[in-house]
Amino acid sequence: MKLIAAFFDRPADIVAKELLGSLLCVKNKDGTVVRLPVSEVEAYLGPHDLACHSAKGRTLRTETMFGPPGTIYIYLIYGMYYMFNIVTGKRDYPAAVLIRGAGTYDGPGKLTKALGIDMQVNGHILGPASGIWIEEPKYMSPAEEIECAPRIGVDYAGEWAERELRFILNR
DNA sequence: GCAGTGATCATA
DNA sequence: ATGATCACTGCC
C-alpha cells in the first residue's frame, strides 16, 4: 500500500521514525521496480531547527521544502552527491526527512547513486508519476528496534547538532 | 586524516 | 565577480 500525503503531513521526527522499515520503491527505465526497506533516516524539523536548510530562509534551493507533504527534495552536496529527502508537514512549512540508508546501501550519497536519483525528481510528488514512492511497512517498528543518535555533519548547528534526530533500524 | 568537487548564497 | 560553505565518500 503506497503512503499518501496524509502520512507525511506530520512532524518530521514522527514521520522519520515511521518510515523505518517501510519500502522505498524506485521504478527503473525498463519498468522493473526496486523495493528497499528504509534502514536509516534523519529528521529536519523546520525553520527553528538550525541544522535544517530552511533555517537560513526561503531560497532557490530550499524552495522545494516549502511544497506540500510528500514532495521529493533533492539537493547536490560537495559537488558530487545527491541527497534524497521527503518534505513533511503542511505546504509552506519547510521540514523534511533525509533517507540515509535503505536495503544494503548505507550512506545517503551512495543510496542515490545506486538508485540513479538526481535533481530531475526534485520538487516532484512521491508516486507512480515521479517513479519514486514509499510503501507502508508490514508493521510499525517497535521502539526497542529503533536506535536514536545525533545527526551527521551538522556540527555548525549548535545545540541542535546534539538533538537525537537520527533514527536507525536494528532488527 | 583529508582531498575531491561544483552548486549555492552572501557580500560587493 | 568572488569566496566560503557544504545533511559526503573514498583513499591515505
Side-chain angles (χ1 to χ4, degrees), chain A residues 3 7-22 24 26 34 36-126 130 132 134 141 146-170:
Chain A
L3 295 177
F7 177 89
F8 299 101
D9 187 12
R10 295 179 296 158
D13 54 333
I14 305 292
V15 173
K17 276 187 254 194
E18 291 191 21
L19 277 174
L20 290 172
S22 65
L24 170 61
V26 180
V34 264
L36 303 172
V38 174
S39 56
E40 185 173 345
V41 294
E42 281 177 2
Y44 290 85
L45 301 185
H48 60 295
D49 174 358
L50 296 184
C52 187
H53 288 163
S54 61
K56 303 208 170 64
R58 189 166 187 157
T59 66
L60 203 57
R61 178 175 71 158
T62 61
E63 185 60 31
T64 73
M65 280 186 102
F66 289 79
T71 298
I72 298 169
Y73 169 43
I74 310 283
Y75 65 91
L76 181 68
I77 191 72
Y78 298 114
M80 286 180 244
Y81 305 104
Y82 296 103
M83 301 289 101
F84 175 65
N85 302 254
I86 302 171
V87 174
T88 67
K90 302 228 173 297
R91 180 190 287 277
D92 287 327
Y93 185 79
V97 174
L98 169 67
I99 310 296
R100 292 193 63 87
T104 59
Y105 303 111
D106 67 325
K110 287 193 265 188
L111 179 69
T112 54
K113 187 178 178 188
L115 296 177
I117 295 172
D118 59 23
M119 291 307 291
Q120 191 269 324
V121 290
N122 182 44
H124 289 227
I125 306 287
L126 287 172
S130 63
I132 304 176
I134 306 277
S141 303
I146 299 177
E147 179 186 342
C148 304
R151 293 169 292 184
I152 301 288
V154 295
D155 293 348
Y156 59 85
E159 54 189 33
W160 282 95
E162 299 160 29
R163 292 283 298 274
E164 300 203 318
L165 292 169
R166 179 158 61 107
F167 307 105
I168 305 136
L169 185 58
N170 294 315

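Chain identifiers are assigned alphabetically (A, B, ...) following the order of the sequence lines, protein sequences preceding nucleic acid strands; residue numbering begins at 1 within each chain. What's counted below: heavy atoms across the whole structure, side chains too, no hydrogens, waters or symmetry copies.
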S.K.: In terms of the nearest nucleotide of DNA chain B, which residue is placed more toward the 5' end: M119(A) or M80(A)?
M.R.: M80(A)
S.K.: According to the salt bridge (charged side-chain N to carboxylate O under 4.0 Å, His left out) rule, which pairs have a member within residues 64-81 of chain A, sequence neighbours left out?
M.R.: none
S.K.: Just jot down the salt bridge (Lys or Arg N to Asp or Glu O under 4.0 Å) partners of K56(A), sequence neighbours excluded, or say none.
M.R.: none
S.K.: Tell me, do L45(A) and W160(A) make a side-chain contact under 4.5 Å, heavy atoms counted?
M.R.: yes
S.K.: Heavy atoms of chain A, cut-off under 4.0 Å: which first and last nucleotide of DNA chain B, 5' to 3', fall inside that, if you could look?
M.R.: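 Taking any atom under 4.0 Å from a heavy atom of chain A, the span is dG4(B) to dC9(B).
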S.K.: When you compare the protein's N or O atoms with those of nucleotides 10-12 of chain C, which come within less than 3.5 Å of each other, and at what distance?
M.R.:
none

S.K.: Only pairs at least two apart or in different chains count here, so list each side-chain hydrogen bond (donor to acceptor under 3.5 Å, both in side chains) that has a residue in residues 73-90 of chain A.
M.R.: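 Residue pairs passing side-chain hydrogen bond (donor to acceptor under 3.5 Å, both in side chains), neighbours aside: D9(A)-K90(A), H53(A)-Y73(A).
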S.K.: Report all side-chain donor-acceptor pairs from residues 61-71 of chain A shorter than 3.5 Å, counting only partners two or more places apart or in another chain.
M.R.:
from	atom 1	to	atom 2	distance (Å)
T62(A)	OG1	G57(A)	O	3.0
T62(A)	OG1	T59(A)	N	2.8
T62(A)	OG1	T59(A)	O	3.4
T62(A)	OG1	T59(A)	OG1	3.3
E63(A)	OE1	R58(A)	NE	3.0
E63(A)	OE2	R58(A)	NE	3.4
E63(A)	OE2	R58(A)	NH2	2.9
T64(A)	OG1	N122(A)	OD1	3.3
T71(A)	OG1	P68(A)	O	2.6

S.K.: Going by heavy atoms in the side chains, are L3(A) and L126(A) under 4.5 Å from each other?
M.R.: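 SC-SC contact between L3(A) and L126(A) ruled out.
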S.K.: Which donor-acceptor pairs under 3.5 Å do side chains of residues 94-107 of chain A form with protein atoms, sequence neighbours excluded?
M.R.:
from	atom 1	to	atom 2	distance (Å)
R100(A)	NE	E40(A)	OE2	3.4
R100(A)	NH1	E42(A)	OE2	3.4

S.K.: Are side-chain heavy atoms of L24(A) and F84(A) found at a separation under 4.5 Å?
M.R.: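 Of all side-chain heavy-atom pairs linking F84(A) with L24(A), at least one is under 4.5 Å.
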S.K.: Going by side chain to side chain donor-acceptor pair (under 3.5 Å), name the residues that satisfy it together with S130(A), two or more places apart in sequence or in a different chain.
M.R.: none
S.K.: Between N or O atoms, less than 3.5 Å apart, protein on one side and nucleotides 2-7 of chain C on the other: list the pairs.
M.R.:
from	atom 1	to	atom 2	distance (Å)
dA7(C)	OP1	H53(A)	NE2	2.8
dA7(C)	OP2	Y156(A)	OH	2.9
dA7(C)	N9	Y75(A)	OH	3.1
dA7(C)	N7	H53(A)	NE2	2.9
dA7(C)	N1	N85(A)	OD1	2.6
dA7(C)	N3	Y75(A)	OH	3.2

S.K.: Applying side-chain contact (heavy atoms from CB on, under 4.5 Å), can you list everything that pairs with P150(A), at least two apart in sequence or on another chain?
M.R.: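 Listed in chain order: E164(A).
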S.K.: What stems show up for DNA chain C when you take Watson-Crick pairs (N1-N3 plus N6-O4 or O6-N4) and G-U wobbles (N1-O2, O6-N3), both under 3.5 Å, and require three or more consecutive pairs?
M.R.: B:1-4 with C:8-11, B:6-11 with C:1-6
S.K.: Enumerate the salt bridge (charged side-chain N to carboxylate O under 4.0 Å, His left out) contacts for residues 148-160 of chain A, please, sequence neighbours excluded, ordered by first and then second residue.
M.R.: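 Output for this query lists D49(A)-R151(A).
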S.K.: Calculate, to the nearest 0.5 Å, the distance between atoms CG and CZ belonging to D13(A) and R166(A) respectively.
M.R.: 15.5 Å
